[in-house]
Amino acid sequence: MKIYDWPTGPYPARVRIALAEKNLLSGVEFVPVNLWKGEQRKADFLAKNYSGTLPVLELEDGTCLAECTAITVYLDALVGEPTLTGRTPLEKGVIHMMTKRAEIEMLDAISVYFHNATPGLGPDVERDQNREWGLHQRDRALRGMHYFDAVLRKQPFIAGDAFTMADIAVIGGFIFASAVKLPVPQECEALLTWYATMQERPSVRKQLAIVPPPH
Ligand code: GTS
């Protein structure tokens, strides 16, 4: 299978971490799509993903899967252990809820801040910025960090007792926060301690070691 991505991007990182956790990295060909040149908005890429975002997984028969959560669910179903999306109906429901919450309250909020209240991908790509909305979403992300801190004061992982794709989504949030220089507040001690533990996982360490390619 092929994955269209940008190696250090926070969303592509989610799929790369999932692939490493599932020991599937060796079967993947990565195809870079240069976000700073706006390649994700070109017709040939939009034919693969209508939304014009990375990552996209392309199967041998040309079927394309976009959206990190959908791709992770697919990869998780390919090989058994470790499961990233839960075993029981309740586990699956909670993991999906917390993954979506990680997106809405942290990762996507930081992305909106990046694209609207910072230079983002540059003037050629960011043609429709709304600074006020970007700052609003930055504050939402900061509130989200406090929420996840409260969650982690009660349980070891984002969706309960085990590492899942919900943890990977919050790790993506940390990667984006670092890229846009939005520090996680020091008082979020449980969240910061959790992230220190996450950085010890080989899948995460491998991802964080990638040197950003030149734009
Ligand atoms: N909901 C999508 C998902 O979960 O896959 C969001 C994907 C996304 O926003 N990806 C970024 C993108 O393609 C890549 S990165 O910021 O993580 O590197 N952005 C391009 C754009 O034009 O918004």
Side-chain angles (χ1 to χ4, degrees), residues 1-20 28 30-59 63-76 84-85 95-131 133-134 137-138 140-141 144 158 164-182 204 207-208 210-215:
M1 52 194 163
K2 276 186 194 163
I3 298 217
Y4 297 87
D5 82 352
W6 186 252
T8 52
Y11 291 90
R14 289 172 60 187
V15 166
R16 284 168 172 257
I17 291 168
L19 283 163
V28 175
F30 289 98
V31 182
V33 176
N34 193 320
L35 296 171
W36 280 263
K37 291 187 178 152
E39 289 175 0
Q40 75 279 22
R41 311 263 170 97
K42 301 264 164 65
D44 56 341
F45 186 76
L46 292 176
K48 297 184 190 300
N49 177 14
Y50 170 81
S51 300
T53 56
L54 307 171
V56 172
L57 180 150
E58 187 174 60
L59 301 177
T63 303
C64 287
L65 264 183
E67 297 297 324
C68 293
T69 298
I71 297 169
T72 307
V73 167
Y74 173 81
L75 295 173
D76 205 32
L84 297 173
T85 57
I95 291 164
H96 268 76
M97 175 181 74
M98 295 307 281
T99 301
K100 188 68 188 168
R101 201 167 276 170
E103 291 179 339
I104 296 172
E105 307 298 344
M106 192 169 167
L107 181 54
D108 292 355
I110 297 170
S111 176
V112 173
Y113 165 62
F114 169 70
H115 288 293
N116 287 275
T118 80
L121 296 172
D124 293 342
V125 183
E126 308 290 2
R127 298 213 179 120
D128 198 18
Q129 289 193 308
N130 181 331
R131 183 170 167 78
W133 179 236
Q137 288 298 305
R138 177 200 60 190
R140 181 175 198 156
I158 298 293
T164 67
M165 77 168 165
D167 295 281
I168 300 177
V170 176
I171 291 166
F174 266 82
I175 292 172
F176 219 154
S178 162
V180 300
K181 300 187 174 38
L182 184 67
V204 179
Q207 180 58 30
L208 294 176
I210 297 177
V211 177
H215 301 166

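Both counts, for ligands and for their atoms, begin at 1 and track the order of listing.
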### Message
Consider side-chain contact (heavy atoms from CB on, under 4.5 Å). Of Leu65, Val56, Leu19, Val31, which one does Ile3 pass it with?
### Response
Leu19
### Task
Return the residue, atom name and 0.1 Å-rounded distance of the protein heavy atom closest to atom 1 (N) of ligand 1.
Glu67 OE1, 2.7 Å
### Query
Which residue holds the protein heavy atom closest to atom 19 (N) of ligand 1, what is that atom called, and what is the gap in Å?
Leu35 CD2, 4.1 Å
### side chain to side chain contact (heavy atoms under 4.5 Å, CB included) between Ile110 and Phe174, intermediate numbers included
CA-CA 10 Å; Ile110 297 170; Phe174 266 82; over 6 Å; no
### Query
Going by distance only, is there an N or O of Thr53 that falls short of 3.5 Å from an N or O of ligand 1?
no
### Query
Which of the atoms in ligand 1, numbered in the order shown and given with their element, are less than 4.0 Å from a heavy-atom of His115?
23 (O)
#### Entry: Val125 backbone acceptor or donor facing Arg41 side chain under 3.5 Å
yes
### Query
Is there a donor-acceptor pair under 3.5 Å between the side chain of Glu126 and the backbone N or O of Leu121?
yes
### Task
State whether the shortest distance between N or O atoms of Leu54 and N or O atoms of ligand 1 falls below 3.5 angstrom.
yes
### Query
Is Glu103 paired with Lys100 through a side-chain N to carboxylate O contact shorter than 4.0 Å?
yes
### Message
Would the distance check show the side chain of Gln129 and the main-chain N or O of Ala117 forming a donor-acceptor pair, the cut-off being under 3.5 Å?
### Response
no
### Query
Under the criterion side-chain contact (heavy atoms from CB on, under 4.5 Å), which of Val15, Asn49, Ile71 is the partner of Leu57?
Ile71
### Closest approach of any protein heavy atom to atom 17 (O) of ligand 1, naming residue and atom
Tyr11 N, 2.9 Å
### Message
Would Ser111 count as a polar contact of ligand 1, with the cut-off being nitrogen or oxygen pairs under 3.5 Å?
### Response
no
### Task
Under 4.0 Å from a heavy atom of Arg41: give me the atoms of ligand 1 that qualify, with their elements.
21 (C), 22 (O)
### Identity and separation of the nearest protein heavy atom to atom 20 (C) of ligand 1
Gln40 NE2, 3.5 Å
### Message
Test your reading of the structure: does Cys68 have an N or O sitting under 3.5 Å from an N or O of ligand 1?
### Response
yes
### Under 3.5 Å: N/O of Trp6 near N/O of ligand 1
no
### Query
Is the side chain of Asp5 donor-acceptor paired with the backbone N or O of Leu54 at a distance under 3.5 Å, no angle test?
no
### Message
Regarding ligand 1, does Thr69 bring an N or O atom to under 3.5 Å of one of the ligand's N or O atoms?
### Response
no
### Query
Quick check: does any side chain N or O of Thr99 sit under 3.5 Å from a backbone N or O of Ile95, one acting as donor and the other as acceptor?
yes
### Query
Are any of the N/O atoms in Pro10 less than 3.5 Å from those in ligand 1?
yes
